[in-house]
Amino acid sequence: MGARRQLGLAALLTVGTVVLSACGSAVPQETRPAAAVARIDSPVTAAGAVAQVEKVVTAPDKTLKLGSKGAAVVWLQKRLKQLSYMPGKPDGRYGGTTLAAVWAFQKVNGIRPTSTIGKRTWAALENPRSPQILVKNGQPTRVEVNLAKQIMVYYVDDQVKLISHTSSGSGVPYCETAVWQGKSQRFCGSASTPAGDFRTTWRASGWHKSYLGQLYNPIFFNGGIAFHGALSVPLYPASHGCVRLPMNVAEVLPGMLGKGVPVHVRGRFKR
């Protein structure tokens, strides 16, 4: 399976080092208030402020749904990339890769995640919020994982480099039987992603087989818990403990995120 494959709405599912996956979920359409015209912003800073410049940004006035095509989708993709999300190539096709970036953006901006781009999301794209800083006075280069919102933010020199949708540990106890090291073994755990302060350690390239499944480009930061690409990254915690990422994010993250970088995990997801 190619790492660069465009993901569909249902194709957001993976497995992890302490991680197996679950299906993606259907999401409702938006009903939104009127949008406002706002100023364009430069890259978001860790200080929480969005630097303003003279140019005015006006979003398209068109409702988009998964599968939409055209100039409005290109605008959406370029705008998300400008704001440090990863919607994939600006090809004018609203597929699963762009959807994962839309979800991340909506969560940062206090919008219930949905595949429909309506007036409220367009207005937020004109006047975007900065992601919440979880660790004040943290290292200038660090990763913050917000379990409550299910997002990851990567800061470089106190500027936001990348914001991604994630799916962390489900919190549901599990027992799995798997063939490991040539024999059938039973593995049990709590399927949790512990909060705390960690650092990136070792990694593997491509598909890495763990005793509970396969991880794409895993970057470990807490024992057997890693960031890794997944073929399913639903809108709820679904892994056995790892932090699942969309495949296009996992494809480039190893080239961006070095060893020994602080990783701060905070919050709790409320179902």
Side-chain angles (χ1 to χ4, degrees), residues 7 10-25 27 96 100 103-104 106-108 112-113 131-132 134-135 142-154 162-178 180 185-204 207-250 253-254 257 261-271:
L7 308 179
L12 291 166
L13 160 35
T14 254
V15 259
T17 286
V18 175
V19 168
L20 268 178
S21 57
C23 297
S25 55
V27 284
W103 282 348
Q106 289 170 331
K107 288 186 284 187
V108 167
R112 184 187 178 195
Q132 177 188 5
L134 303 182
V135 180
R142 67 188 186 278
V143 179
E144 295 187 354
V145 178
N146 188 325
L147 298 178
K149 290 185 176 293
Q150 294 289 288
I151 59 169
M152 180 199 78
V153 184
Y154 177 35
L162 169 66
I163 306 170
S164 178
H165 165 63
T166 66
S167 178
S168 61
S170 68
V172 178
Y174 69 91
C175 282
E176 303 280 351
T177 300
W180 184 247
Q185 301 184 51
R186 191 164 178 79
F187 300 95
C188 297
S190 63
S192 65
T193 304
D197 301 310
F198 314 98
R199 287 184 181 271
T200 56
T201 56
W202 70 284
R203 63 192 62 204
W207 288 104
H208 171 72
K209 184 178 181 180
S210 78
Y211 51 86
L212 286 176
Q214 302 244 0
L215 323 175
Y216 185 72
N217 280 355
I219 302 173
F220 293 87
F221 63 88
N222 177 16
I225 295 178
F227 299 112
H228 69 83
L231 298 179
S232 173
V233 188
L235 280 170
Y236 51 86
S239 81
H240 284 80
C242 286
V243 177
R244 297 183 195 171
L245 302 170
M247 290 291 281
N248 70 309
V249 176
L253 189 61
L257 180 59
V261 175
V263 176
H264 306 287
V265 182
R266 297 288 188 273
R268 182 178 180 183
F269 185 80
K270 294 182 179 180
R271 295 182 183 273

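Residue indices begin at 1 and follow the sequence shown.
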Run Asn222 and Val263 through side-chain contact (heavy atoms from CB on, under 4.5 Å) and show every step you take.
CA-CA 9 Å; Asn222 177 16; Val263 176; over 6 Å; no

Walk me through whether Leu253 and Leu162 qualify under side-chain contact (heavy atoms from CB on, under 4.5 Å).
CA-CA 9 Å; Leu253 189 61; Leu162 169 66; 3.9 Å; yes

Checking ring-ring contact (aromatic ring centres under 6.0 Å, His included) for the pair Tyr236/Phe269: CA distance, chi angles, key distance, verdict?
CA-CA 8 Å; Tyr236 51 86; Phe269 185 80; 8.0 Å; no

Before you tell me yes or no, could you show the steps for His228 and Arg244 under side-chain contact (heavy atoms from CB on, under 4.5 Å), namely the whole-Å CA-CA distance, both residues' side-chain angles and the distance that decides it to 0.1 Å?
CA-CA 5 Å; His228 69 83; Arg244 297 183 195 171; 4.0 Å; yes

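Atoms CG and OG, on Leu147 and Ser167 in that order, are 10.5 Å from each other to the nearest 0.5 Å. Expressed to the nearest 0.5 Å, how far CG of Leu215 lies from NE2 of His208 amounts to 5.5 Å.
Every residue two or more places apart in sequence or in another chain was checked for a side-chain hydrogen bond (donor to acceptor under 3.5 Å, both in side chains) with Lys149, and none qualifies. Remark: Arg268 engages no residue in a side-chain hydrogen bond (donor to acceptor under 3.5 Å, both in side chains) (not counting sequence neighbours). Applying the side-chain hydrogen bond (donor to acceptor under 3.5 Å, both in side chains) criterion to Thr201, with sequence neighbours excluded, gives no partner residue. By the side chain to side chain contact (heavy atoms under 4.5 Å, CB included) test, Thr166 is found to be paired with Gln150, Met152, Val243, Leu245, residues two or more places apart in sequence or in another chain being considered. Applying the salt bridge (Lys or Arg N to Asp or Glu O under 4.0 Å) test to Arg266 and every residue at least two apart in sequence or in another chain returns Asp197.
Between Ser192 and Ser190, the shortest heavy-atom contact is OG-OG, 3.0 Å. Minimum heavy-atom separation, Met247 to Gly229: SD-C, 3.8 Å. Between Tyr154 and Val143, the shortest heavy-atom contact is CD1-CG2, 3.7 Å. Of all non-hydrogen atoms in Gln106 and Pro113, the two that sit nearest each other are OE1-CA, 3.2 Å. What you find for Ser168 and Thr193 is that their closest heavy atoms are CB-OG1, 3.4 Å. Annotation for Gly169 and Pro237: closest pair O-CB, 3.1 Å, computed over non-hydrogen atoms.
Looking only at distances, no side-chain donor or acceptor of Ser170 sits under 3.5 Å from a matching main-chain atom of Ala238. Here the side chain of His165 pairs a donor or acceptor atom with the backbone of Pro234 at under 3.5 angstrom.
Using the six-membered ring where Trp is involved, Phe220 and Trp202 have ring planes that are parallel, under 30° apart on the 30 and 60° scheme.
Each of Leu134, Val153, Val265 was checked for a side-chain contact (heavy atoms from CB on, under 4.5 Å) with Asn146, and the lone residue meeting it is Leu134.
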